[in-house]
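Worksheet: one structure, shown below.
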Number of protein chains: 2
Amino acid sequence: MVRRPLTNPRKEASQERSRATVDALVEATARILVSEGFDKASTNRIAEVAGVSVGSLYQYFPSKEALVAAVSERHRQEIMRLVRGELAKVASQPIEQGVRTLVAVAIKSHRIDPKLHRVLAEQIPRVGRLEKVETFNGGNYDLFRTYLEEHRDELCVDSLELAAFVCVTSIEALTHTAVLHRPKMLCGETAEALIDDATRLVVGYLKGCELR
Amino acid sequence: MVRRPLTNPRKEASQERSRATVDALVEATARILVSEGFDKASTNRIAEVAGVSVGSLYQYFPSKEALVAAVSERHRQEIMRLVRGELAKVASQPIEQGVRTLVAVAIKSHRIDPKLHRVLAEQIPRVGRLEKVETFNGGNYDLFRTYLEEHRDELCVDSLELAAFVCVTSIEALTHTAVLHRPKMLCGETAEALIDDATRLVVGYLKGCELR
DNA sequence: ATTAAAAGCGAGCAATCGCTCACATTATAG
DNA sequence: CTATAATGTGAGCGATTGCTCGCTTTTAAT
């Protein structure tokens, strides 16, 4: 059996020209996802918008899924960069203030590219290699867990593992749902009310021992 | 301009035979969604599995979307029926016990048909007439809000509206994520720990005044 | 028995999709 | 300059999709 010479191999971009092509493709995919939706993001259309040929597209991305995954990954990393930075700042602050900052940054992270965030959350079928796109929190659990460990003495919970899950999941859900489905909730003083309550929810849980 | 005689009109099933056809179609759609995924759920395949012809399918459902929407709606109503029933039982119980029961029922509701629930949550592109599928909580906010109103004196929150949002969103996210992405968390005593913590999270928020 | 409406059928059309491949162009090395 | 690799091209294939329409069968009413 003979290996086909050089047909399939999806290459890694090495020269500068090809790097630009790859960037254009990812960027075009993101733009189409936002402006036309997932259905309309066909490989032909992506290539057209990117200003390259379909052939070139398939030199760097083995499938349409791979392109969407690249867009999703880029977005996830932007969010992680923001969260990581903010978490470093509040590392030494007490729980009360730290959590409040994190709630604020959670909202902020949903505003990096809200339209893309929405499409990624609502229109992408999590299947095949898109299965692990899941939530954008993968690494956030560990980050927050580490933060909690450094404040162990302030806390009143049995398991930091479980606590991190409860806090991150709740904050993510509250901010995600608010931004996507309750836009009014983030206008004017209502936004403050949400941040207040979300903070109280989480801090009360982390510090309150009186119950059980 | 002449109206086409009887071509498009997607009819409401009136005779008994056609009712069976409609049921078979919805059931087939659900089965395919679960066993083969959204992509494979083509109208031709749905009709084949249902044991009817594509023509019959289009007599009752104007599009593939409509079929998926019907499946989603059926699932949503099953959940609502469960929640509504349980909420009636705890209506007169104190917050502490009521919330605990509701957390339990939230988990239970995710187990009505977990595989279908997962497909509906992860693979269905929320677009067109599927846009309002959203979460399965639409009516739950109001239900829970009513419950809170009847226990106003036990609570320590500014806005019941906001409180209902915070509680329902958190409980839904915690149970949803646990069932779908943390199956181990619901085995043995870990399940109790999650229920304990989720309850403490919500109750502490609803009753705790000491903070701010 | 006659008739008309209701329900069911399925071959097949038009459109689209993801993707390939034979070829052209551009860059790099000797 | 020449050779070779890297990069880019786009017509178009094969498969699939959502859906239509002319037709048959079943049911209910007269």
Side-chain angles (χ1 to χ4, degrees), chain A residues 2-25 28-29 32-33 36-70 124-125 127-130, chain B residues 2-26 28-29 32-33 36-70 123-125 127-130:
Chain A
V2 189
R3 280 260 135 264
R4 306 258 257 17
L6 244 292
T7 319
N8 336 334
R10 307 302 137 73
K11 313 227 345 197
E12 193 83 5
S14 61
Q15 295 189 9
E16 189 168 352
R17 183 167 55 130
S18 55
R19 274 266 245 278
T21 301
V22 170
D23 277 358
L25 284 167
T29 305
I32 297 175
L33 284 179
E36 308 180 42
F38 179 78
D39 310 328
K40 300 294 172 60
S42 69
T43 49
N44 284 322
R45 180 109 184 83
I46 291 172
E48 177 191 329
V49 170
V52 305
S53 73
V54 238
S56 294
L57 185 155
Y58 280 96
Q59 278 198 356
Y60 304 105
F61 297 94
S63 67
K64 171 187 169 178
E65 281 182 325
L67 270 162
V68 176
I124 309 299
V127 125
R129 50 190 90 205
L130 252 22
Chain B
V2 188
R3 281 261 133 262
R4 306 259 259 14
L6 244 292
T7 319
N8 335 334
R10 307 299 136 76
K11 315 227 342 202
E12 193 82 10
S14 61
Q15 295 189 7
E16 190 169 349
R17 184 167 54 129
S18 55
R19 275 266 245 283
T21 301
V22 170
D23 277 358
L25 283 167
V26 176
T29 306
I32 296 175
L33 284 179
E36 307 181 40
F38 180 78
D39 310 328
K40 300 294 173 62
S42 69
T43 50
N44 284 322
R45 180 108 183 83
I46 291 172
E48 176 191 329
V49 170
V52 305
S53 73
V54 239
S56 295
L57 186 156
Y58 280 97
Q59 277 197 0
Y60 305 104
F61 298 94
S63 67
K64 170 185 168 177
E65 281 182 326
L67 271 163
V68 176
Q123 293 188 32
I124 309 299
V127 124
R129 50 191 90 204
L130 253 20

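Proteins get letters first, then strands, A, B, ... in listed order; numbering begins at 1 in each.
Each of A/S56 and B/D39 lies near DNA chain D, and the nucleotide nearest A/S56 is the one positioned closer to the 5' end. Nearest-nucleotide mapping onto DNA chain C: of A/K40 and B/G51, the residue sitting toward the 5' end is B/G51.
Sorted by first then second residue, the salt bridge (charged side-chain N to carboxylate O under 4.0 Å, His left out) pairs that include residues 52-70 of chain A, not counting sequence neighbours, are A/E65-A/R129.
Between B/Y58 and C/dC9 there is no side-chain polar atom (N or O) within less than 4.0 angstrom of OP1 or OP2. Listed pair A/T21 / D/dG8 meets the phosphate criterion, a side-chain N or O lying under 4.0 Å from OP1 or OP2. The shortest distance between the side-chain N/O atoms of B/S18 and the OP1/OP2 oxygens of C/dA7 is below 4.0 Å. Listed pair A/T43 / C/dG18 meets the phosphate criterion, a side-chain N or O lying under 4.0 Å from OP1 or OP2.
A straight line from CZ of A/R19 to C1' of C/dA27 spans 16 Å, rounded to a whole angstrom. Straight-line distance from the CD1 atom of B/I32 to the P atom of D/dT16: 15 Å, rounded to whole Å. Rounded to whole Å, the distance from CD on A/E16 to C1' on D/dG8 is 16 Å. One interatomic measurement links the two molecules: CD of A/Q59 to P of C/dC23, which rounds to 17 Å at whole-angstrom precision. Rounded to whole angstrom, the span from the CZ atom of A/R45 across to the P atom of D/dG10 amounts to 16 Å.
Distance from the side chain of B/R17 is smallest to D/dT27 among C/dG10, D/dT27, D/dG12. In this structure, the nucleotide among C/dC19, C/dG8, C/dG12 sitting nearest to the side chain of A/K64 is C/dC19. Checking D/dG8, D/dC19, D/dG12 against the side-chain heavy atoms of B/S63 singles out D/dC19 as nearest. When each of C/dT26, D/dG18, D/dA11 is scored by its nearest atom to the side-chain atoms of A/V54, the top-ranked nucleotide is D/dA11.
Counting atom types as modelled, A/N44 pairs a side-chain N or O with a base atom of C/dC19 as donor and acceptor under 3.5 Å.
Closest heavy-atom contact between A/L25 and A/I46: O-CG2, 3.9 Å.
Side-chain contact check for B/F38 versus B/V68: some heavy-atom pair is nearer than 4.5 Å.
For B/R45, the side-chain hydrogen bond (donor to acceptor under 3.5 Å, both in side chains) partners two or more places apart in sequence, or in a different chain, are B/E36, B/E48.
B/T29 OG1 to B/L57 CG: the interatomic distance, rounded to the nearest 0.5 Å, is 7.0 Å.
Within the nucleic acid shown, B/S42 comes within 4.0 Å of sugar-phosphate atoms alone, with no base atom in reach, counting heavy atoms only.
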